[in-house]
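In what follows, a structure is listed as structure tokens, so that the remarks can point back to it.
Hydrogens, waters and symmetry mates are skipped; everything else that's a heavy atom, side chains included, is used. Lettering follows sequence order; numbering is per chain, from 1.
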Number of protein chains: 2
Amino acid sequence: MKEINQEVFDENRTEAECCETFCVHEETVDKVKSHMPDDELLDGIADTFKVFGDKTRIKILYVLHSSELCVCDIAQLLDMNQSAISHQLRVLKQAKLVKSRRDGKSIFYSLDDSHVRTILSMGMEHAMEQEV
Amino acid sequence: MKEINQEVFDENRTEAECCETFCVHEETVDKVKSHMPDDELLDGIADTFKVFGDKTRIKILYVLHSSELCVCDIAQLLDMNQSAISHQLRVLKQAKLVKSRRDGKSIFYSLDDSHVRTILSMGMEHAMEQEV
DNA sequence: TGAACATATGATTATCTGTTCATATGTTTA
DNA sequence: TAAACATATGAACAGATAATCATATGTTCA
């Protein structure tokens with residue numbers, strides 16, 4: 001039963017296994033294909049959002065929304081230990097979403113991207129609509 | 001060395017372990033604390049972005065940018081098998097980022113959120129700036 | 001109705017990721 | 001300079017997740 005389909009498939013297709021025969025809406029597919037951004041760019045976009053896709057990091061971005069804070073401040077606000085915060089700040093910094101400045105023993109972090117606030121707002125709008 | 005700090009800490013603090021003594025910028029922290037959104041909302045925001053934080057899902061959203069497509073179309077465009085696409089479409093649908101309609105044997109997917117395009121654009125802008 | 005097809009889904013597995021622990025680095029101050 | 005402190009970081013472990021495989025569901029058409 002399954003065997004037969006597989007054989008038919010193997011004869012007809014050399015591309016990715018999607019459907020057994022061509023159910024593909026060829027014209028539309030070709031059109032879309034020609035307008036696709038580079039793979040690298042799409043990866044970059046996913047990576048950007050991956051950074052926003054964590055509870056702790058979202059909270060950090062939020063507490064930095066109004067003012068710069070030192071690592072210790074953030075740790076206390078989120079009720080988490082210093083190391084965890086420090087690791088996440090590193091991720092955010094690598095993604096260029098936050099920047100830091102040293103002041104004596106403390107290091108103060110603040111938002112470092114004009115899009116951060118906009119992206120957060122969009123996410124919030126979507127999240128709020130979900131709750132209905 | 002470490003022991004001493006720990007003792008001092010234990011005497012002075014009952015909250016989260018962040019710093020050994022109070023290095024906290026109290027006024028700022030209190031101010032931020034009073035303006036924090038609910039934990040639930042912040043979780044929801046992270047969850048929303050988590051959906052955008054995957055290469056395959058970003059690609060799916062992109063190919064759906066201009067026109068609706070059936071599962072088979074998407075699978076061929078991304079050069080992936082049908083099952084993988086189907087699983088990801090499910091995630092996107094649960095997040096209410098895509099919707100589907102049946103037409104005979106095929107099921108056509110399309111974008112289902114006014115924010116999707118905006119969020120993608122923001123992500124793209126940020127990703128493009130990173131490459132510099 | 002049964003064969004063929006398009007899609008969905010549960011289970012499994014390999015990989016990725018966030019937190020913790022221990023410790024290192026770099027700064028201040030007595 | 002040495003102690004105290006604020007932060008950073010490497011290693012390890014636990015939990016999350018995406019792709020795959022096998023199979024189920026639901027539709028069409030002869």
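Across the protein-nucleic acid pair, B:I107 atom CD1 and C:dC5 atom C1' stand 12 Å apart, rounded to whole Å. A:Q88 has its CD atom 12 Å from the C1' atom of C:dT20, to the nearest Å. Summarising the geometry, the separation between NZ on B:K105 and C1' on D:dT27 is reported as 7 Å, rounded to the nearest angstrom. Rounded to an integer number of Å, the gap from B:Q76 CD to C:dC5 P is 16 Å. Per the geometry, CG belonging to B:L92 stands 14 Å off C1' belonging to D:dT17, to the nearest Å. Rounded to whole angstrom, the span from the CG atom of A:D103 across to the P atom of C:dT29 amounts to 11 Å. Rounded to an integer number of Å, the gap from A:D54 CG to C:dT19 C1' is 10 Å. Separating the CZ atom of B:R101 from the P atom of C:dT7 is a distance of 12 Å, rounded to the nearest angstrom.
Contact annotation: side chain of A:S106 to base of D:dT7, donor-acceptor pair absent below 3.5 Å. Side chain B:Q82 to base C:dA6: no donor-acceptor pair is found below 3.5 Å. Side-chain N/O atoms of B:H87 and base N/O atoms of D:dT20 include a donor-acceptor pair closer than 3.5 Å. With hydrogens and angles left out, the side chain of B:S83 and the base of C:dT7 share no donor-acceptor pair within 3.5 Å.
Put simply, the side chain of B:R117 gets close to the backbone of B:H65: a donor and an acceptor are under 3.5 Å apart. Judged by distance alone, with hydrogens and angles left aside, the side-chain atoms of B:D103 form no donor-acceptor pair with the main-chain N or O of B:S106 at under 3.5 Å. Between the side chain of A:H126 and the backbone N or O of B:G44 there is no donor-acceptor pair closer than 3.5 Å. Judged by distance alone, the side chain of A:D73 and the main-chain N or O of A:C70 form a donor-acceptor pair under 3.5 Å.
The residue A:K50 sits close only to the backbone: its heavy atoms come under 4.0 Å of sugar-phosphate atoms, none of a base.
Between A:Y109 and D:dA8 there is a side-chain N or O to OP1 or OP2 distance below 4.0 Å. For B:T56 and D:dA18, the shortest distance from a side-chain N or O to OP1 or OP2 is not below 4.0 Å.
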Item checked: Verdict with supporting geometry, B:K99 and B:S110, side-chain hydrogen bond (donor to acceptor under 3.5 Å, both in side chains) -> CA-CA 6 Å; B:K99 61 189 172 192; B:S110 56; 4.6 Å; no
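No side-chain heavy atom of A:L111 sits less than 4.5 Å from a side-chain heavy atom of A:L97.
The side chain of B:R57 lies closest to D:dA18 when the candidates are D:dA18, D:dC5, C:dT7.
At its two ends the helix from C:dT1-D:dA30 to C:dA30-D:dT1 runs along axes set 20° apart, each axis drawn from five pairs and the angle rounded to 10°.
Using a cut-off of 4.0 Å between Lys/Arg side-chain N and Asp/Glu carboxylate O, A:E68 and A:R101 are scored as salt-bridged.
Annotation: of the two residues near DNA chain D, A:R102 and A:R90, the 5′-most nearest-nucleotide partner is A:R102.
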